[in-house]
Number of protein chains: 2
Amino acid sequence: MDSKHPRNPTRSLLLNHARRLFAERGFSAVSMRDIARSVGLQQSSIYNHFDSKQSILIELLRGHMLTLNQCRNDWLSDEVSATEQLIAFTQFHVAYHIDFPDDVFIAYMELRSLEPDNRKALVRLRDEYELSLQAIVQQGVTAGEFQCVDVAVHTRAIIAMLTGVTVWYRHDGRLDKDTVIHSYVTAALQSLGIPANDVAHQHELKKVKHV
Amino acid sequence: MDSKHPRNPTRSLLLNHARRLFAERGFSAVSMRDIARSVGLQQSSIYNHFDSKQSILIELLRGHMLTLNQCRNDWLSDEVSATEQLIAFTQFHVAYHIDFPDDVFIAYMELRSLEPDNRKALVRLRDEYELSLQAIVQQGVTAGEFQCVDVAVHTRAIIAMLTGVTVWYRHDGRLDKDTVIHSYVTAALQSLGIPANDVAHQHELKKVKHV
DNA sequence: GTCTATATCGAGATAGAC
DNA sequence: GTCTATCTCGATATAGAC
């Protein structure tokens with residue numbers, strides 16, 4: 001059935017509008033009528049493209065999680081120091097979260113709206129992502145580059161700190177994207193005991209390499 | 001009407017169960033029947049204690065926000081250095097968030113479920129709390145104790161970092177509450193450029209004073 | 001103050017014409 | 001592939017007996 005092909009334009013439109021609505025109001029508070037009307041269709045027409053409301057959510061969450069891991073792997077290389085890896089991770093994470101805040105918000109809030117099997121698969125992808133940062137932190141602690149009380153707690157602390165950018169960042173706000181990223185890179189590195197002078201130095205190196 | 005007095009036991013029971021259900025499934029996904037059945041009542045009996053579903057949410061959110069600000073004011077004194085204030089704030093914030101994760105989660109997620117007027121009043125209380133941390137960070141930067149790129153961004157970064165404890169902390173987990181708090185105090189201070197040795201020292205001082 | 005019964009509405013999903 | 005019409009269910013809220 002061609003209508004269920006990922007590149008069907010009506011289907012893509014529905015996905016994009018559902019993403020925005022789910023992020024704004026929450027999955028349970030959005031009706032199929034809301035989604036249909038936002039793209040100028042009748043409610044029943046959605047079922048030509050998706051099996052159910054839940055299947056729309058699953059596709060949004062799977063797409064986000066897979067893309068996040070894929071982009072992370074493309075961006076990072078593991079042939080550098082833990083400090084350089086942390087800088088690269090932070091730059092990637094904040095930039096991605098600034099660009100796709102709706103996906104991030106839905107992934108954070110609506111995993112519970114999934115049936116158990118679907119939820120488990122997505123939690124695995126989320127854990128994979130978080131553990132990739134934990135490996136960096138552990139490597140830095142082992143090498144004596146980083147100082148922290150507990151690697152697992154500190155990893156979660158950094159992830160939460162960076163992800164919070166989605167709550168307040170606005171494209172027309174006081175600070176531009178690069179400044180915001182620089183702020184978070186400094187905060188993340190300093191949180192692990194890297195002095196501010198070294199931060200500025202390393203950060204600059206990384207920016208020349210990757211941006 | 002006595003049934004709507006705050007200390008009515010059935011009313012308190014309803015509030016407590018609604019809090020747990022809203023945190024687990026989200027406001028929109030919980031029905032009045034769910035709340036009533038969880039305390040052994042019929043659905044219509046709730047209306048003897050609350051005017052509407054929305055009024056239950058308002059009472060939970062208002063209670064949380066007022067208590068949070070009140071407890072913070074009781075805990076902190078502003079006659080010490082910015083570093084000492086930050087330690088006290090972090091200890092309070094993490095401890096409170098460990099103790100009342102459901103309130104925190106609902107406050108984060110369900111402000112959007114409120115009608116505009118009610119939402120505005122609560123956003124004001126939330127901002128008041130966040131600005132109290134921003135004042136500490138600003139004081140530390142001005143005094144040369146703290147290093148950061150942008151005070152507002154770094155304040156939000158710290159709040160998000162600390163609040164994240166609600167996502168993963170379990171009372172029967174690997175780490176006890178004091179160790180978790182110590183981890184976050186270290187992370188917060190280091191993020192502002194305070195060296196780890198000083199952190200251990202100051203933190204100990206603070207613990208002796210307050211615990 | 002709790003109950004049963006009911007009103008009114010909107011939800012997700014399906015059937016079948018075009 | 002979209003439409004209209006409809007099914008079935010459960011939602012919030014109210015009325016009135018006890």
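All chains are named by letter (A, B, ...) in the order of the sequence lines, taking the proteins before the strands, and each is independently numbered beginning at 1. Side-chain atoms are counted along with the backbone in the values below, which use heavy atoms only and exclude waters and symmetry mates.
- Under 3.5 Å, the side chains of B/S45 and B/Q42 contain no donor-acceptor pair of N or O atoms.
- Residue B/S45 has a polar side-chain atom (N or O) positioned under 4.0 Å from OP1 or OP2 of C/dC3.
- In this structure, A/L41 places its CG atom 11 Å from P of D/dT4, rounding to the nearest Å.
- A/R7 meets the side-chain contact (heavy atoms from CB on, under 4.5 Å) test with A/H5; sequence neighbours excluded.
- For B/D103, the salt bridge (Lys or Arg N to Asp or Glu O under 4.0 Å) partners two or more places apart in sequence, or in a different chain, are B/R19.
- Sorted by first and then second residue, the side chain to side chain donor-acceptor pair (under 3.5 Å) pairs involving residues 55-66 of chain B (not counting sequence neighbours) are B/R11-B/E59.
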Review item, side-chain donor-acceptor pairs of residues 20-30 of chain A, under 3.5 Å, at least two apart:
{"unit_1": "A/R20", "atom_1": "NH2", "unit_2": "A/H17", "atom_2": "ND1", "d": "3.2"}
{"unit_1": "A/R25", "atom_1": "NH1", "unit_2": "A/D34", "atom_2": "OD2", "d": "3.4"}

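- Non-hydrogen atoms lying under 4.0 Å from DNA chain D are contributed by B/S52, B/K53, all within residues 51-62 of chain B.
- The salt bridge (Lys or Arg N to Asp or Glu O under 4.0 Å) pairs that include a residue from residues 90-101 of chain B are B/D99-B/K177, where partners are two or more places apart or lie in different chains.
- Residue pairs satisfying the side chain to side chain donor-acceptor pair (under 3.5 Å) criterion with at least one member in residues 154-165 of chain B, sequence neighbours excluded, are listed as follows: B/H93-B/T163, B/H154-B/S191.
- Take the nearest nucleotide of DNA chain D for A/H49 and for A/Q43: the residue whose nucleotide is more 5' is A/H49.
- For A/Y108, the side-chain contact (heavy atoms from CB on, under 4.5 Å) partners two or more places apart in sequence, or in a different chain, are B/F105, B/Y108, B/V167.
- The stretch residues 24-39 of chain B comes close to DNA chain D through B/V30, B/S31, B/M32, B/R33, each having a heavy atom under 4.0 Å from the strand.
- Partners of A/N69 according to the side-chain contact (heavy atoms from CB on, under 4.5 Å) rule, which considers only residues two or more places apart in sequence or in another chain, are A/L125, A/E128, A/Y129.
- Atom pair B/I46:CD1 and D/dT14:P shows a separation of 13 Å (rounding to whole Å applied).
- Pairs engaging residues 111-127 of chain B under the side chain to side chain donor-acceptor pair (under 3.5 Å) rule: B/E110-B/S113 [sequence neighbours left out].
- A/Y47 places its OH atom 11 Å from the P atom of C/dA11, with the value rounded to the nearest Å.
- Shown for residues 10-20 of chain A: residues whose heavy atoms fall under 4.0 angstrom of DNA chain D, namely A/T10.
- Atoms CD and CD1, from B/E130 and B/I159 in turn, are 5.0 Å apart once rounded to the nearest 0.5 Å.
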